[in-house]
Amino acid sequence: MTDTTDRTSVSAGEVSNPSQPLVTRFAPSPTGHLHIGGARTALFCWAFARRSGGRFMIRIEDTDQARSSEESARGILEDLAWLGIEWDDGPVLELKRPGSEARRIGGDARGVGPFFQAQRVPIYDAYAESLVRAGRAYPAFESSEDLETQRKAAIAAKQTYRYERPADVTPGVFNEARWSRACSGEKHVIRFLSLHEPIVVQDEILGDVRIAPGELDDFVIRKADGFPTYHFAVVIDDELMGVTHVLRAQEHLANTPRHVAMQRALVRLPEHGGPRPFQTPRYGHMPLIFNMDSTKMSKRDKAKAARAAVKQMLSSKQHSLQSLGDALRAFGGSRSGMATPESAAATAANFAAQQLAAFVAGDVDYVEVAETIAACFAIKLPEVNVYDFRRSGYLPEAIINFLGLLGWNPGMKLADGKDLEKFDQDFLATHFGLERIGRTSAKFDRNKLLSFNADAIAAMPAPAFVDRWRSWLSEFEPAALAKLQARNPDALALMAPSIKPRAKTFSETLKPLAFALMGDAEYAFDPAAVSKALTADGGAGISILRSAREALAACEDWTPSTLHSLIENLARDRGFVGDKGVNVGPVAQPIRVAIAGVAVTPPLGESLALLGKASTLARIDRCLASV
RNA sequence: GGCCCCGUCGUCUAGCCUGGUCCAGGACACCACCCUUUCACGGUGGUGACAUGGGUUCGAAUCCCAUCGGGGUCACCA
């Protein structure tokens, strides 16, 4: 099995058994929420499986003990489910939605689990040993400090560092001495023994990628803590779980030769149906996604944004480091989130001045710190995780559509000759293919996503909008929802027609309603608005407002349409009639400023209806009294 | 630095494989006008790109080469 030198390429056609079902997988590591880029990978894997009548699998890569958490794993599964990306094989997620039956996603119909790598360690151990016995891997005893020193020396000498194979290690020969040292408990890692053979990865998207012989050194496949490295676990699991197609981001391209090299060396064990050589799945490496400024999209963006805001506060003397820390502690530093053991420890420090100083200085980038700062001071952080977009009021269908266009394109035209850009998940399930995945990296254009989201909201029938709006509010803005419903039990249905075209996300729905969220005596009068609508022209607006107040006080039917005609009639009576009919502005603006303090509100009829008659009159009186 | 990938409007892209229908089409953003009781929505129009240089060809965004530029990767992270 070690004689592989004559194999110079891996044919994509080697996925041998035609009756073998096509299987794709998404394999996140549970170190936080689902990243928006990961969501695209998952979406493409899902779509490809659906299009091909295959299966889509989830595997959790939790071999990094320090950074993984069960909480994150569940969060990621929930994010996927929220997007509507459901897996056939993988961890089971119970979904309980109010009003509907509980649903389960996942399971192990093919009997290939468990799907958490941490639960598969005995399997990796068995294959590592088989490799050692075949002379294709060996225990190594150097300390990581020593290796680090060597690596630094090589870099200083401007040379490429490669691990140098010990002299007593020979390809294809079982090194019994090293193995017994390892078995006796001496601290060690296991390294793969790389043959100096040329490797060609036949990529479904990029074409043949050739790696010269000698580029691969003897990399680690099992860490000193006994856990497999990513490379090793992936190769074992993809084989044992029947994965036929690996679609992943291009950052993994350079790793693929390692995987191919291991697949050539590995043989299925008898307990897994062997002996039988491992197969090489088909690979497809997808373009990377960046920020608009070409930096990598990462959670560090949040730290950057929060840091910038804090620096601003410090330099404008709004806060000292001390008062900032006090404010954060008072706010309640430890809110539960997707903490990993590492970051939880950081947040636990509760924003001691020292801790904050380190964050501001950029020495640490803890997301939890950034998010607490943002929540405490109402700073908007850039969305980078699926959950961030959800919290900001994006719709899953808009995200799916946008992601589907990031690196893929249906290449179809509409009847009017325009490109087909708007599609849903079903469309992807029936039209997605690897042929039309691009090769160039893409920048994440938040504007376009926003526009897609606005279109999706606009396209929603009003009742659906009200439902979804309500559930978003109850999840993320319960206080605002309560206030609105206290004003008017039907507030949402009443305002939906005027809010829907004005909001690009659910979180934007609250801005136009700010006037109604404040108490009748709480809002301030904007001097510029007051001057323009009321006090200008010797107080023309004030006199209009007085007569409007009278008319409103006499109004019996407090509905948007009646209120609207009332205002129109007032305008007509005052003679505000031009070529194009009645000009209601001179009447509407004074009322608007009176009831909201500013010159901008949703349409007046609806706004007054939402406030109610008593509040409206009280607000006008307060305005009249103050100008 | 070694190895690898990529290069069409500001951004996402169509076109490239199978050269001519492309002085390059769409979308987002931007600008202007229209609509309009504010703010939005909507409508119409506009600005705006084949990285550069060589080839091949009657003809190149499309094929070839070079240069330049961008990115990825070289961990006991995944």
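For the numbers below, each heavy atom of this structure counts, side chains included, while hydrogens, waters and symmetry mates do not. Each chain gets a letter, A, B and so on, in the order its sequence line appears, and its residues count up from 1.
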Look at all strands and tell whether A:Ser143 reaches a base, only sugar-phosphate, or nothing, counting heavy atoms closer than 4.0 Å. base
Is A:Arg67 close enough to B:A78 that one of its side-chain N or O atoms is under 4.0 Å from OP1 or OP2 there? no
Mind checking side chain to side chain donor-acceptor pair (under 3.5 Å) for A:His252 and listing every partner two or more places apart, or none if nothing turns up? A:Tyr230
By the 4.0 Å heavy-atom rule, please label A:Arg191 as base, sugar-phosphate, or nothing. sugar-phosphate
Which word best sums up how the rings of A:Phe452 and A:Phe402 line up, parallel for under 30°, tilted for 30 to 60°, or perpendicular for over 60°? perpendicular
In whole Å, I'd like the distance from the CZ atom of A:Arg25 to the C1' atom of B:A78. 11 Å
Along RNA chain B (nearest heavy atom to each residue), the more 5'-positioned of A:Gly407 and A:Pro28: A:Gly407
Show the distances under 3.5 angstrom between N or O atoms of the protein and N or O atoms of nucleotides 35-37 of chain B.
residue : atom : partner  : partner atom : Å
B:U37   : O4'  : A:Gly585 : N            : 3.2
B:U37   : O2   : A:Arg592 : NH2          : 2.3
B:U37   : O4   : A:His564 : NE2          : 3.1

Short N/O separations, protein against nucleotides 21-26 of chain B, under 3.5 angstrom:
residue : atom : partner  : partner atom : Å
B:G25   : N2   : A:Asp419 : OD2          : 2.3
B:G26   : O2'  : A:Asp419 : N            : 3.3
B:G26   : N2   : A:Glu421 : OE2          : 3.2

Residues in salt bridge (charged side-chain N to carboxylate O under 4.0 Å, His left out) contact with A:Arg572, at least two apart in sequence or another chain: A:Glu568
Touch check for A:Arg59, heavy atoms < 4.0 angstrom, all strands: base, sugar-phosphate only, or nothing? nothing
If you look at every strand shown and take non-hydrogen atoms under 4.0 Å, does A:Ser451 touch a base, only sugar-phosphate, or nothing? sugar-phosphate
Sugar-phosphate only, base, or nothing, as touched by A:Asn255 at under 4.0 Å among non-hydrogen atoms: base
Donor-acceptor pair under 3.5 Å, A:Asp445 side chain vs B:A29 base: no
Which is true for A:Gly438 with a 4.0 Å heavy-atom rule: it touches a base, it touches only sugar-phosphate, or it touches nothing? nothing
Determine the contact category for A:Ser498: base if any of its heavy atoms lies under 4.0 Å from a base atom, sugar-phosphate if only primed atoms, P, OP1 or OP2 are that close, otherwise nothing. nothing
Syn/anti state for B:C41 [syn: chi within 90° of 0]: syn
Atom pairs under 3.5 Å: protein N/O with N/O of nucleotides 1-6 of chain B:
residue : atom : partner  : partner atom : Å
B:C5    : O2'  : A:Gln250 : OE1          : 3.4

Please report the distance separating the C1' of B:A49 from the corresponding atom of B:G10, rounded so that it comes out in whole Å. 10 Å
Could you check A:Arg151, A:Gln150, A:Glu142 and say which one makes a side chain to side chain donor-acceptor pair (under 3.5 Å) with A:Tyr163? A:Glu142
Heavy-atom pair of closest approach, residues A:Ile544 and A:Arg574: CG1-NH1, 3.7 Å
Can you tell me which nucleotide in B:C41, B:A78, B:A29 comes closest to the side chain of A:Glu61? B:A78
Within less than 4.0 Å of OP1 or OP2 of B:G72, is there a side-chain N or O belonging to A:Arg248? no
Considering Watson-Crick and G-U wobble pairs with both distances under 3.5 Å, what does B:U62 pair with? none
Does A:Lys223 make a side-chain N or O approach to OP1 or OP2 of B:A78 shorter than 4.0 Å? yes
Relative to each other, are the rings of A:Tyr523 and A:Phe525 parallel, tilted or perpendicular (30° and 60° limits)? perpendicular
Would you call the rings of A:His231 and A:His259 parallel, tilted or perpendicular, taking 30° and 60° as the class edges? tilted
Taking atom P in both B:U62 and B:C23, compute the distance separating them and give it to the nearest angstrom. 14 Å
Would you call the rings of A:Trp408 and A:Phe423 parallel, tilted or perpendicular if under 30° counts as parallel and over 60° as perpendicular? perpendicular
Describe the nucleic acid contact of A:Gln117 in one word from base, sugar-phosphate, nothing, applying a heavy-atom distance below 4.0 Å. nothing
Within the structure shown, what part of the strands sits under 4.0 Å from A:Ser29 by heavy-atom distance: base, sugar-phosphate, or nothing? sugar-phosphate
Base, sugar-phosphate alone, or nothing: which one does A:Ala442 contact when heavy atoms must sit under 4.0 Å apart? sugar-phosphate
Got more than 12 heavy atoms from elsewhere within 6.0 Å of CD, A:Glu186? yes
Can you tell me if the side-chain N/O atoms of A:Thr31 get under 4.0 Å from OP1 or OP2 in B:A78? no
For RNA chain B, find the residues of residues 285-293 of chain A with a heavy-atom distance under 4.0 Å and give them by number; none if there aren't any. A:Leu288, A:Phe290, A:Met292
